Amino acid sequence: MIYKLNLLGFLLIVVAFFLGIKLPDWDFKLRLRHRSILTHSPFVTIILITLYEIDSGYFFKYFIVGFSSAIGIHMLFDLFPRKWHGGALLKIPFNGLTCSKETTKLFFVATSLISIFLAIFYMTDIKEYFFVLFFSVLIFIKKRKYENATIKPAIIFALLYLILGILKFEILFKLLKQIYILS
């Protein structure tokens, strides 16, 4: 199985994952208010997908998979701040608006769902699915030291990833069905 892996593709997933996990917090570097809708949304992923659809370079889809997965995970972490005020709330820079707690939560849930859906949608092989899952687990383990909550985001991610993965990969559904029958 290892000999059939596309190593460059998987390397691109890793690089894109690291960029995607950090991008939302670039709002500081871009001189935007923290939790700006420009960095805490699927907008960058949608731009990447648009570029991919214009000129569908084979390896670019790996970048989308890694980047979008990481954005989804980052948004799940952002759903569990220490307190829901100030820097925890979504900001819209065009009019200086700060969204409510409920709007922020709804937007972050939607962003996570869309991002994870897009990541799985652009996967073409079950090996990519398991690679991203493995890499995501490593990120959750690493982030447990720095994030306010890791168990809840990890559970939400696992459920979303599993459900969307079953919808994408029939082999995953068959595998889970066999495990259920054997137990």
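If you're wondering where the values come from, they're calculated on a predicted model, not measured in any experiment.
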Please tell me whether [X] and [Y] are part of a single hydrophobic cluster in this structure, the criterion being side-chain heavy atoms less than 4.5 Å apart.
X      : Y      : result
Leu162 : Phe169 : yes
Phe43  : Ile71  : yes
Phe135 : Val15  : yes
Leu138 : Tyr146 : no
Ile73  : Ile46  : no

Please report the interatomic distance [atom1]([X]) to [atom2]([Y]), rounded to the nearest 0.5 Å.
X      : Y      : atom1 : atom2 : answer
Leu133 : Phe157 : CG    : CZ    : 6.5 Å
Ile156 : Leu113 : CD1   : CG    : 11.5 Å
Ser136 : Phe17  : OG    : CZ    : 4.0 Å
Ser115 : Ile64  : OG    : CD1   : 12.0 Å

Could you check whether any side-chain N or O of [X] sits under 3.5 Å from a backbone N or O of [Y], counting only pairs where one atom can act as donor and the other as acceptor?
X      : Y      : answer
Tyr161 : Tyr129 : yes
Lys91  : Leu97  : no
Lys152 : Thr150 : no
Thr103 : Cys99  : no
Thr104 : Leu90  : yes

Is the shortest heavy-atom distance from the side chain of [X] to the side chain of [Y] under 4.5 Å?
X      : Y      : value
Leu11  : Tyr62  : no
Phe107 : Ser41  : yes
Arg33  : Asp27  : no
Pro93  : Ile37  : yes
Ile166 : Ile163 : no
Leu160 : Phe117 : no
His74  : Asp25  : yes
Phe10  : Val14  : no

Would you name the heavy atoms of [X] and [Y] that are closest together and state the gap between them?
X      : Y      : result
Ile13  : Phe131 : CG2-CE2, 3.8 Å
Phe77  : Pro153 : CD2-CG, 3.9 Å
Thr111 : His40  : OG1-O, 4.1 Å
Ile141 : Arg144 : O-NH1, 2.5 Å

### Message
Regarding Thr98 and Arg35, do their side chains bring together a donor and an acceptor under 3.5 Å, going by distance alone?
### Response
no
### Query
Between the side chains of Ser36 and Thr39, is a donor N or O closer than 3.5 angstrom to an acceptor N or O?
no
#### Entry: side-chain contact (heavy atoms from CB on, under 4.5 Å) between Leu32 and Leu38, intermediate numbers included
CA-CA 9 Å; Leu32 300 167; Leu38 297 176; 4.1 Å; yes
### Query
Does the side-chain contact (heavy atoms from CB on, under 4.5 Å) test come out yes or no for Ser68 and Tyr122, once each step is laid out?
CA-CA 10 Å; Ser68 192; Tyr122 279 90; over 6 Å; no
### Query
Got more than 12 heavy atoms from elsewhere within 6.0 Å of CD1, Ile171?
no
### Task
Count the heavy atoms of every other residue, nucleotide or ligand shown that sit under 6.0 Å from CD1 of Ile151, and state whether that count exceeds 12.
no
### Steps toward side-chain contact (heavy atoms from CB on, under 4.5 Å) verdict (Thr50, Glu53)
CA-CA 5 Å; Thr50 303; Glu53 295 300 329; 5.9 Å; no
### Query
Is the shortest distance from a Lys or Arg side-chain nitrogen in Lys142 or Glu147 to a carboxylate oxygen in the other one below 4.0 Å?
no
### Task
Take Leu164 and Phe121 through the side-chain contact (heavy atoms from CB on, under 4.5 Å) test and state the conclusion after the steps.
CA-CA 9 Å; Leu164 293 171; Phe121 179 81; over 6 Å; no
### Message
Taking the six-membered ring of Tyr52 as reference, does the cationic atom of Lys61 (NZ for Lys, CZ for Arg) lie under 6.0 Å from its centre and within 45° of its axis?
### Response
no
